[in-house]
K.L.:
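Questions regarding the structure given below will be posed in turn.
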Amino acid sequence: MKSRHQTIRRWPRIALWLALLLLPTLALAEVKPHAAGIASANKQATEAGFEILAQGGNAFDAAVAVSAALAVVEPESSGLGGGGFFLLHRASDGKAVFVDAREKAPLAASRDMYLDADGNAQRALSVNGALAAGIPGLPAGLVLVAERYGKLPLKQSLAPAIRLARKGYIWSAKNAAMIGFRTEQLAKSEGAAALFLRKGKPPAKGDRIFNPDIAKVLERIAGEGHRGFYDGKTARTLVEGVKAAGGIWSLDDLAQYQAVEREPLRFQFQGEEILTSPPPSSGGVALVGLFQILSGYPLAEFDRVQRLHVEIEAMRRVYRDRAIYLGDPDFVQMPMQMLLSPYYAAGLRASIHTRKATPSDALPGISAGPEGSDTSHFSIIDSEGNIAAVTQSVNLPFGAAFVVPGTGFVLNNEMDDFSVKPGVPNAFGLIGDDANAIEPGKRPLSSMTPTILLGKDRVAAIGSPGGSRIITMVFLGLSKVLAGSSAAEAVSAPRIHHQYQPDSVSVEPGALSEAEISALTERGYTVAPAERPWGNMQVVIWNKQDRSVDAASDPRWEGVGGGESRDREMIFR
Ligand code: DON
């Protein structure tokens, strides 16, 4: 038995241990943000997120609200007929999770389903209409995030989206611009025409749009959770409608669909920790590669052209690896250890000439396009320090441009993200091989790259739409944030892009000077100035020093996006 004296002597040690145990909690408590920030591609969706924060929800409840609101107000970019990735970081215990709500190939899909009798790819089939649609994942993602990470009932977080659908939302400049690309195709689908066209013409900017059909589907999800979409009336309507239009979905496809929790990729750059997206996103693996290749250079000593040179060469190499190795982790073995290793990056770095471009054909892989500008990213940091970086998509504008009558949402054309034939580029000019070939129940490889910076002084959530260019955008935007830029500076920074094939550097208007373009051309690059800028980046940064939160929306869609931070008093007003 211990003497009283012994017990008393132990006290200082116990107190010390207790203090040590409590220290992280106290430290965490000190660095909570003063405010919350939300940046999304549409102000009405950002507002939905703040509404849920005001009701006591956390960043994950707000993510559900923003995601569902975007599904209503930004149908060209994402929605219930599509999928997405939710990268979450919880402040209370530091848990990080990647919720994979990516679409899956239907069980009746087959490797050559988009090839004709001569083996030629029939790209129209993987892009337009019911056969182009994978099994949607976003509804499952909403339910999973709300149930496992939210504080509020799903019903409450979906309420703003339901209200927008029932009481109407405002057709934005972006809605109006994007529908122009797809009007002809939308007119061919009875359901899409009824939803989006008036006597064959799209709505005008500023019109109020009502969508009672999607409200009913959202209400079913609110009431029954996962089953509200993947079983019962919604599932039956979808399967019947898809089959009637030549698609191959079955009730089994919907019954088997589950969103999956995966371990995010974690890496360090300049001593800062970064969380990003694992396969079936290709973005995180590429991002790790890009930063690791660059970490071996004295970047601060480089002039602009030399920095561009090493960045473009790094881009070329990581996109080549994407094409060769990456696919759905549930189906393919990927050399992840190799791809993520600093030694592998050092080997790639060693293959970069100090001043000359490496022709892509000198790096044999797969032989090889165009551009696109949809999908939706949003970033949220709440006043507890919880973080959500979410990218969701239906792939091309208005997805497959196909709506099952009575459902109120377009189906995706994410099947085009598979490699329909080795070496044949998809809508984003991306090529692939066996790893990303079509198989029943497989998820197509994605470029969506929601990413979180857990820096010592700055925490940030970042992402963008933009197809194959998402990865280089996140890389350039994150590089800005790491260098101390504000959210507005990060989202507005000019963009360049290289994706191995085609072997050219895309350059946004005004991104490079004439002198820089000449210097790159001299080094052996084919510089392809783009006619239009690309992307729609949404960034939220929490500066731990002064506890401020800074949110910004890409200025390329000026006036439509909503990047805003609000202090506690404003939220709970
Ligand atoms: O998952 C992907 O990589 C594509 N479906 C994303 C499409 C996209 O960003 C469209 N915007 N340009």
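Both ligands and their constituent atoms are indexed starting at 1 by order of listing.
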K.L.:
What I want to find out is whether R102 reaches D100 closely enough, with some N-O distance under 4.0 Å, to be called a salt bridge.
P.N.:
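The answer is no: the pair does not qualify as a salt bridge.
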
K.L.:
For a ring-ring contact (aromatic ring centres under 6.0 Å, His included) check, start with the C-alpha distance between F291 and F475, then their side-chain angles and the critical distance, and finish with the verdict.
P.N.:
CA-CA 8 Å; F291 278 109; F475 162 68; 5.1 Å; yes

K.L.:
Below 4.0 angstrom from a heavy atom of I470, which ligand 1 atoms are there? Numbered from 1 as shown, please.
P.N.:
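Answer, ordered by atom number: 9 (O).
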
K.L.:
Are any of the N or O atoms of P465 closer than 3.5 Å to those of ligand 1?
P.N.:
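By distance alone, the answer is no.
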
K.L.:
Between ligand 1 and R102, can you find any atom pair, the residue atom being a heavy atom, that is separated by under 4.0 Å?
P.N.:
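For ligand 1, residue contact (heavy atoms, under 4.0 Å) with R102 is present.
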
K.L.:
Are E508 and R556 within salt-bridge range, i.e. N to O under 4.0 Å?
P.N.:
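Salt bridge: yes.
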
K.L.:
Does the gap between the ring centers of F196 and F398 come in under 6.0 Å?
P.N.:
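Between F196 and F398, the centre distance is under 6.0 Å.
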
K.L.:
For D417, which part has a heavy atom under 4.0 Å from ligand 1: side chain, backbone, both, or neither?
P.N.:
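Only the side chain of D417 comes within reach of ligand 1.
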
K.L.:
Give me each pair satisfying salt bridge (Lys or Arg N to Asp or Glu O under 4.0 Å) with a member in residues 388-401, each pair once, sequence neighbours excluded.
P.N.:
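Not a single pair qualifies under salt bridge (Lys or Arg N to Asp or Glu O under 4.0 Å).
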
K.L.:
Show the atoms of ligand 1 that are less than 4.0 angstrom away from any heavy atom in M448.
P.N.:
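The atoms of ligand 1 under 4.0 Å from a heavy atom of M448 are 1 (O), 3 (O).
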
K.L.:
Could I get the full list of salt bridge (Lys or Arg N to Asp or Glu O under 4.0 Å) partners for D253, not counting sequence neighbours?
P.N.:
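Result, salt bridge (Lys or Arg N to Asp or Glu O under 4.0 Å) vs D253: none returned.
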
K.L.:
Against heavy atoms of E414, which atoms of ligand 1 measure under 4.0 Å?
P.N.:
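Once the distances to E414 are compared, the set is 1 (O), 4 (C), 5 (N).
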
K.L.:
Which ligand 1 atoms, with their elements, are less than 4.0 angstrom from a heavy-atom of S447?
P.N.:
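Those qualifying, in numeric order: 1 (O), 2 (C), 3 (O).
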
K.L.:
Could you check whether any heavy atom of W534 sits closer than 4.0 Å to an atom of ligand 1, since that is the contact criterion I want to use?
P.N.:
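Under 4.0 Å: no for W534.
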
